[in-house]
Amino acid sequence: MNQIHIKQGRIIDPANSIDRTGCVYIADGKIISVTNEPAGFKPDIVIDAYNQIVCPGFIDLSTRLREPGQSRKATFKSETIAAASGGITTLCLQPDTIPVIDTPAIAELIKDLAEKAQYPQIYPIAALTQKLEGTELSSMLSLKQAGCIAVGNASQPVKNLLVLRRAMEYAASHDLLLMFRSNDYWLGNNGCAHEGAFATRYGLPSIPDAAETIALAQCLELAELTGCRVHFGQLSCKRSVIKIHQAKKYGLNVCADVAMHQLHLTENDIAPFDSAYHVLPPLRTEADKQYLRQGLAGGALDSICSDHQPHDIDAKLGAFPETEPGISALETVLPLMLKLVAQQVITLEQGIAALSNNPAQILRLKSGALTPGFPADVCVFDPELDWQVNSENWQSQGNNTPFWGQILKGRATHTLQAGKIIYCLKQ
Amino acid sequence: MPDNLQLNSEGKLKHFLTIEGLSRRLLTEILDTADSFIGMTGQQVKKVPLLRGKTIVNLFFENSTRTRTTFELAAKRLSADVLSMSMSTSSTSKGESLLDTIRNLEAMFVDMFVVRHAISGAAHFIAQHTAPNISVINAGDGQHAHPTQAMLDMFTIRQIKQDFANLRVAIIGDILHSRVARSEIQALNTLGAAEVRVIAPKTLLPAHVESLGVSVSHNLTDGLADIDVIIMLRLQKERMSSALLPSESEYFKCFGLTEDKLKLAKPGAIVMHPGPINRGVEIDSKVADGPQSVILKQVSNGIAIRMAIMAMAMQKQGASG
């Protein structure tokens, strides 16, 4: 197999505390050395990384590729190209596909689709309950054996706390990670915006932050009771960050992520009714955004996910509450992380760790680091390259991003997945 | 700049979607224009040829009698051709999207849409996506805005009280679900009312309601002190089934406007209601039909104010896209 030499880039590998200029040597799909040239190394391909950053490929904890079931919105083919062009080498797929990922057959179908798209590192998250209906447990062990990396109920509610308790006990028995979206369905009351001054002014059905924090608090209690490992996904408000911080301090085995857009946008960006900003959980206040940023910097939040949800045009054409929530986000993760660094919210090392090593630790994957022997999942990016979010530069089938038309700084130039170049920026 | 959409490049009214973002001068111009449509002798509105040859379509995705009828009459008094469509029984119930409905009607050379819709933001959406030569008037969207109702109420208040400067206005009832309340609060604050007070139980007030520029009371007896204008809101029956209130009778006991309660307001206070009235739920018949009630005056004024808004929105030479 090919030997690849990534030459003279600034290598940032948080897991191994590396930040220095040098070379990365790859053979047989694996990292074989960082900095020191192995004896007899004869590269087939040399990637010149001068003035660029070389880091572990990114791992996304929450993605929707819309296949199977909604290929009019997006396909594995379109979205894996988008992921690769964003420096992302591993995707975790939410189980709310059509049909739901609640049988080994569907999990295997996902793996097949990933192979066909020549992007094998796609991990399905198994449905926690059958059909995501929240009442009966899914066959979690069989799903794990079919390649599912964790269990979760996507955005769907679990019927009651007894079902959730039992699901968590069962997941813990098989050492499965629960990926939990904190949202009390009833308090959410079919809202589409944060319950606060903005929704009040525009008469939008609203969701209080308590819908998130109450569900979060309940699940934390059950994590202690059941011993289940829990990852809290897409947290959106200040009090959630405080609760996670306290739980970690207390010693619970929990971790958490935030969707990238929550670190950059607030409810006021919706004004007056821009459906590009319609997301769930909703964009909240400036204070919430600042707290999420602090939570990321201080370690209460472990990672950042894309929460990628591509849509067709019609899904976003309508009166705001009637449009579908979600942002097509794989391609903006890297520049928006760099923006947080530029705004001195986090260091570059923290930003890269939040996208690579930290999610790898959460998933217990041998990935997210440039450790010799690890699969060569690598992102080479130019941190200074300006590019416009427009149809020329965009790969996802979903154009539903609030950043459309904006000039963003920072772009992947080469993405390697297990030593295979899956993306190369045409200059 | 959320609501620049309403104004053309010369700052004139192009669409009328919400009170928010409109200046005091523009609101006063609307009131003055409405005044000019009311004849010298009493309330009779004259017929004028301002919109001859124009086509106005009333698109009502939600039921309404009063609002639709006054819009229709207003268009006719302006000599426009008017078509009223009740969309709840039309193509949208066959699965046609809002945008497709609009595109089809555009193809019939329409000059103005008057839109009522059950979803907040529907009128904005139509204004953003319709052809640049078409004006959109919001006749009520979800819980967001009902700006023509607010303006006809301002018109009625000005007729009786002349000036807004020293006025204390109470809005009583289901503020949470009321587009009328949101638009009235914005209009009263823009026109310089001394105080806008909302009176309701917490279940019927939206979060951070003070941010709208109002004072808050949960008690009608205390809340009516020093009030010059009382605006009662309709209480929908479904508020009981969604656990916002225990019963109609308990609501009437706490927040229903009776003759005795009315005495707590300033002498000469006027009583308003956007209709339709629930007698014995939010208001006692003796008050609704009593000497301080201006409820029917509101209805008649609806024609003049809607004429004014339609006429102003159609004078949009140099309109921006």
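Chain A is the first sequence line, chain B the second, and so forth, proteins listed ahead of strands; every chain is numbered from 1.
To the nearest 0.5 Å, atom CD1 of residue Ile175(B) and atom OG1 of residue Thr200(A) are 11.5 Å apart. Asp141(B) contributes atom CG, which lies 5.5 Å from atom CZ of Phe273(A) (distance to the nearest 0.5 angstrom). Atoms CG and CD1, on Leu99(B) and Ile313(A) in that order, are 11.0 Å from each other to the nearest 0.5 Å.
Of all residues in residues 200-214 of chain B, those placing a non-hydrogen atom less than 4.5 angstrom from a non-hydrogen atom of chain A are Pro206(B), Ala207(B), His208(B), Val209(B), Ser211(B), Leu212(B). Of all residues spanning residues 400-409 of chain A, none has a heavy atom less than 4.5 Å away from chain B's heavy atoms.
Residues Ser120(B) and Gly203(A) come closest through the heavy atom pair OG-O, 2.6 Å. In plain terms, the two heavy atoms of His124(B) and Pro272(A) that are nearest each other are CD2-CG, 3.7 Å.
Residue contact with chain A, scored on non-hydrogen atoms closer than 4.5 Å, is absent for His177(B).
Applying the 6.0 Å contact sphere to NZ of Lys316(A) captures more than 12 heavy atoms from other residues, nucleotides or ligands. Residue-environment remark: CD (Gln388(A)) exceeds the threshold of 12 foreign heavy atoms within 6.0 Å. Residue Glu392(A) places its CD atom among 12 or fewer non-hydrogen atoms of other residues, nucleotides or ligands, all under 6.0 Å distant. Shown here is His245(A), whose NE2 atom has no more than 12 heavy atoms of other residues, nucleotides or ligands within 6.0 Å.
Relative orientation of the Tyr202(A) and His144(B) rings is parallel, given thresholds of 30° and 60° on the angle between their planes.
Contacts with chain A were tallied for His117(B), Gln128(B), Arg179(B), Gln143(B); Gln143(B) has the most, counting heavy-atom pairs under 4.5 Å.
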